[in-house]
Amino acid sequence: FQAEDGIRDYKVTGVQTCALPIFSQQPDILNLSLAGPKDPMIARLLRAAVSRGIVLVAAVDEDQPWQQSFPASMPEVIAVATAGGGNTSGGLVLAPGANMLTTSPGATYGFKSGSSMATAYVSGVAALMKETTPGLTAAQIQAMLLRTSRLDENQVPVVDLYLAVNSAANLDYPMCPVSRNVALKQ
């Protein structure tokens, strides 16, 4: 097995097998609603994706400190947790993730909760941001997501889709007025 960028390994995991065809499609955003133990090969594949301009958005394992959650703990990745899940560390993007209506097995719908739900939400917001300004980097997207977050009813800063997309569309967009109840990250 050898990827285009020279990554070579003979023990291929399911994630690795799926990753290479996805990377060859050159998506703008890659949603990683998964968490697990650190894997050097997967880390190399994800860094190769970042080097190709793909923005990575990953779920935090909320049962452990987010800095130990792989791949969310990688510096190249936008790490996402559920608002109200207890993870409020700087640099961590918080988004709605409780009781989200989603598809379920058997062609049905159901309500699910967790950081994977929040990660899908942030991936969608990031895609809208990239649509307005295609040249945005992951670091720029993360900074805008944090800067334009608003305080929820528990005073937790949560992604604000409207402000984030408008911030991307108007790169000179200053901070929003305090009356909008927005928490600004420095």
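Computation of the quantities below employed the complete heavy-atom set of this structure, encompassing side-chain atoms and omitting hydrogens, waters and symmetry-equivalent molecules. Quick note: residue numbers are just sequence positions, from 1.
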[X] side chain to [Y] main-chain N or O, any donor-acceptor pair under 3.5 Å?
X	Y	value
N154	V156	no
K130	L136	yes
S149	P157	no
E62	T82	yes
T133	A168	yes
T137	Q140	yes

Worksheet item: Which atom pair, heavy atoms only, marks the closest approach of L145 to M129?
Response: CD2-SD, 3.8 Å
Worksheet item: Of the options V80, V55, I78, which is the one that meets Q142 in a side chain to side chain contact (heavy atoms under 4.5 Å, CB included)?
Response: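 Result for side chain to side chain contact (heavy atoms under 4.5 Å, CB included) with Q142: I78.
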Worksheet item: Do M117 and W66 share a hydrophobic cluster (ILVMFWY, side-chain heavy atoms under 4.5 Å, transitive)?
Response: no
Discussion item. I'd like to know if L34 and M100 are part of one continuous hydrophobic network [Ile/Leu/Val/Met/Phe/Trp/Tyr, side-chain heavy atoms within less than 4.5 Å].
Written reply: no
Item to complete: Among residues two or more places apart or on two chains, list those pairs meeting side chain to side chain donor-acceptor pair (under 3.5 Å) that have a residue in residues 93-108.
Response: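 Residue pairs with at least one partner in residues 93-108: there are none.
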Worksheet item: For V158 and D160, what are the C-alpha separation, side-chain angles and deciding distance, and is it a side chain to side chain contact (heavy atoms under 4.5 Å, CB included)?
Response: CA-CA 6 Å; V158 180; D160 185 311; over 6 Å; no
Discussion item. For S123, give me all partners under side chain to side chain donor-acceptor pair (under 3.5 Å), at least two apart in sequence or on another chain.
Written reply: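 Checked S123 against side chain to side chain donor-acceptor pair (under 3.5 Å); matches are N31.
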Worksheet item: Could you state the interatomic distance from CD (Q25) to CD1 (I54), rounded to the nearest 0.5 Å?
Response: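 One finds 10.0 Å between CD of Q25 and CD1 of I54.
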Do any side-chain atoms of residues 69-77 form donor-acceptor pairs under 3.5 angstrom with protein atoms, and if so which ones, sequence neighbours left out?
residue: S69; atom: OG; partner: D61; partner atom: N; Å: 2.7
residue: S73; atom: OG; partner: S69; partner atom: O; Å: 3.0
residue: E76; atom: OE2; partner: R47; partner atom: NE; Å: 3.0

Practice prompt. Show your reasoning for whether side chain to side chain contact (heavy atoms under 4.5 Å, CB included) applies to L94 and V159.
Written response: CA-CA 6 Å; L94 302 176; V159 167; over 6 Å; no
Item to complete: Check step by step if side chain to side chain contact (heavy atoms under 4.5 Å, CB included) holds for V57 and L32.
Response: CA-CA 6 Å; V57 183; L32 300 164; over 6 Å; no
